Amino acid sequence: MIKRFSWTATTTWLVLLFLHLPVAVLIAYSFNASRYGGRWLGFSFKWYERLFRDDEIWRALGYSVAIGLAATLLSLILGVSGALALHRARYRLRGLHFSLLYLPLAVPDILMGISLLLFFVLLQVPLGVLTIVAAHTSFCVSYVCMVVLGRLQTFDFTSIEAARDLGATPWQAARLVLLPRLVPAMVSGGLLAFTLSMDDFVITFFVSGPGSTTLPLRIYSMIKHGSPPLINALSTLLIVFTAAVIAVAQRFTKEVPRT
Amino acid sequence: MSPTNRQGWLALPSLAWLTVFFAAPTFIILGLSFKPATVTGGFGEGWSLAAWHMLWDPIYLAIAWRTLWLSSATTAICITLALPVAYYLARCAPRRRRLLLIAVILPSWTNFLVRVFAWKTLLHPQGLLKQLLDATSLIAPNQPLLYNPGAVLLVLVYTYLPFAILPLYAAADRFDFGLLDAARDLGANALTAFVRVFLPNVAHGIGVAVLMVFVPALGSYVIPELVGGVHAEMIGNKIAQRAFIDRNLPLAAALGSCLMLVVLLPMWARMAWTRKGTDPKGPSNPASEPNEPAGGAR
């Protein structure tokens, strides 16, 4: 037994090394004065300085944040209402509704991208920020809905009955009893939607138009024809940012009282 | 208060949105593949089989074959690596387990393009890995590490490994490890016990893991584009080329339809398999699915 245990442990540590090494090397290189990774030419902040002077990156970041916020807001409205319906209501299209919310999680991005592109071309919708928001909302809804649905499963709906018995209107009961209990799920679902939107490349690539270069689109063109060390620096900043978002999300999920 | 019909209206916003922006576009691409292409890069009048005729080009058959074998190999390697990890995670102390799980998920929170780029730097002729391998003279000095199917396979495995570990861990966590001791007491050696007792008990997790690796791998585009080059293209690259380079949208639609078929088949197979099994509630219990690593390989 002990022998097998150490064998699986070794594999686990090697797998973790494999998963973390590229990112670690990337962060280290962002401080490397050399243009290519092979040689270490001394510690330097010069790529960060150049990064801060690169206006295109900051404009792209602006687009990404604006699109991310819009997609998050829309997917929160659609996802929370959808989750409430799936959890509470009995209606004829429930099975179809669930499949529509579940399938976007399973369909590869490229299929979603090409179908949305062809759909927009067919309807002669001009590609740009609006089509990107629509596309992002479409895949974020599912994630928000699944997170909220998970929370609803631990919610005791008799507390709503209690509120109603004590004279609350249905709207008051929903606002004062249900909503506060859903806030943690809405925050983590919203953060998830925002990061997914900020992160998305493939779908955005298909439905973007002139003048809607998001950060991932900019990173992609930098990888294809540009300056590797700048990407190292940018990636390191992104990793720090994501870590901060996760820390916030963790705090919110931890504050949930156990039911 | 029992579930009511009065709250059914809450389904409307998301139902309408997803019908317009998910269901309609997904079904429309099959229809659009039977349209003629126009010189301006749009769809012509009437119907045509031109796009499907063009798919018979040996180039596309080679691409389809490469897509299938790369995705299958990725799935096989990911499962093989994820099984011992899941086993170890399920057996170790809760505190360490939580840290290890975070360590498994953490890299997938890094931007996907950035992770692919990290590999591109490592495999670059002047990159760290290439230099290390040259120093140990494990490979021929002129052997490039980038721009071949091997590089694509490596980065695919790297990207989808967490997607295999998590569902397998969820399955291993529910496994009663006392059964392994029982098997050993009854005379099975460690390997037999692992194969005949552990594996059948985590079969459900293996099914989920296969789906979560194989399906997105089939639709890979960025990885073969950035580390693969011309000799390691997959069907995703062809879809993007037809959409953006020579703007033959009906052909892009036909390629997309083929990919959709290949993606739906394993999903249907699994749905049929679960329905046959112990899950009579079907879609009414979504929480029974293990969560995928968020922000993974979108």
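Because the structure is predicted, anything quoted here is derived from the model rather than measured. Below, each value reflects all heavy atoms present in this structure, side chains not excepted, and no hydrogens, waters or symmetry copies. Residue numbers start from 1 in every chain, and the chains themselves are labelled A, B, ... in the order their sequence lines are given, proteins ahead of strands.
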For this session: Apply side-chain contact (heavy atoms from CB on, under 4.5 Å) to B:F22 and A:L116, showing your working.
Result: CA-CA 8 Å; B:F22 178 70; A:L116 280 167; over 6 Å; no

Below 4.5 Å from any heavy atom of chain B, which atoms of [X] appear? Answer side chain, backbone, both or neither.
X	result
A:L19	both
A:L16	side chain
A:L78	both
A:F120	side chain

Answer yes or no: is there a side-chain heavy-atom contact under 4.5 Å between [X] and [Y]?
X	Y	answer
A:L26	B:V114	yes
B:P216	A:P108	no
B:L161	A:V15	yes
A:F201	B:N111	no

Which distance, rounded to the nearest 0.5 Å, do you find between the [atom1] of [X] and the [atom2] of [Y]?
X	Y	atom1	atom2	result
B:L15	A:L101	CG	CG	8.0 Å
A:I231	B:L113	CD1	CG	9.5 Å
A:I239	B:R115	CD1	CZ	10.0 Å
A:I110	B:S220	CD1	OG	9.0 Å
A:S115	B:F27	OG	CZ	11.0 Å

Exercise. Out of A:L84, A:L74, A:V121, A:V80, which one racks up the most heavy-atom pairs below 4.5 Å with chain B?
Worked result: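 That would be A:V121.
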
For this session: Output the option from A:P22, A:S235, A:S75 having the highest count of non-hydrogen pairs under 4.5 Å with chain B.
Result: A:P22

Can you tell me which of [options] forms the most heavy-atom pairs within a distance under 4.5 Å of chain A?
options	value
B:S257, B:A86, B:G219	B:G219
B:A217, B:G256, B:A118, B:A252	B:A118
B:L106, B:L259, B:I165, B:V222	B:L259
B:T19, B:V215, B:L218, B:L255	B:V215
B:F244, B:Y158, B:F21, B:Y221	B:Y158

For this session: Establish, yes or no, whether a centroid distance under 6.0 Å links the rings of B:W119 and A:F18.
Result: yes

For this session: Go through the steps to decide whether A:T137 and B:W17 satisfy the test side chain to side chain donor-acceptor pair (under 3.5 Å), and finish with yes or no.
Result: CA-CA 9 Å; A:T137 305; B:W17 181 282; 5.3 Å; no

For this session: Give the C-alpha distance, both sets of side-chain angles, the deciding distance and a yes or no for side-chain contact (heavy atoms from CB on, under 4.5 Å) between B:L122 and A:V25.
Result: CA-CA 8 Å; B:L122 280 175; A:V25 169; 3.9 Å; yes

Exercise. Passes side-chain contact (heavy atoms from CB on, under 4.5 Å), A:T11 versus B:Y88? Steps please.
Worked result: CA-CA 9 Å; A:T11 317; B:Y88 178 70; over 6 Å; no

Problem set entry | Test log, rule side-chain contact (heavy atoms from CB on, under 4.5 Å), inputs A:L122 and B:L32 | CA-CA 9 Å; A:L122 189 71; B:L32 289 178; 3.7 Å; yes

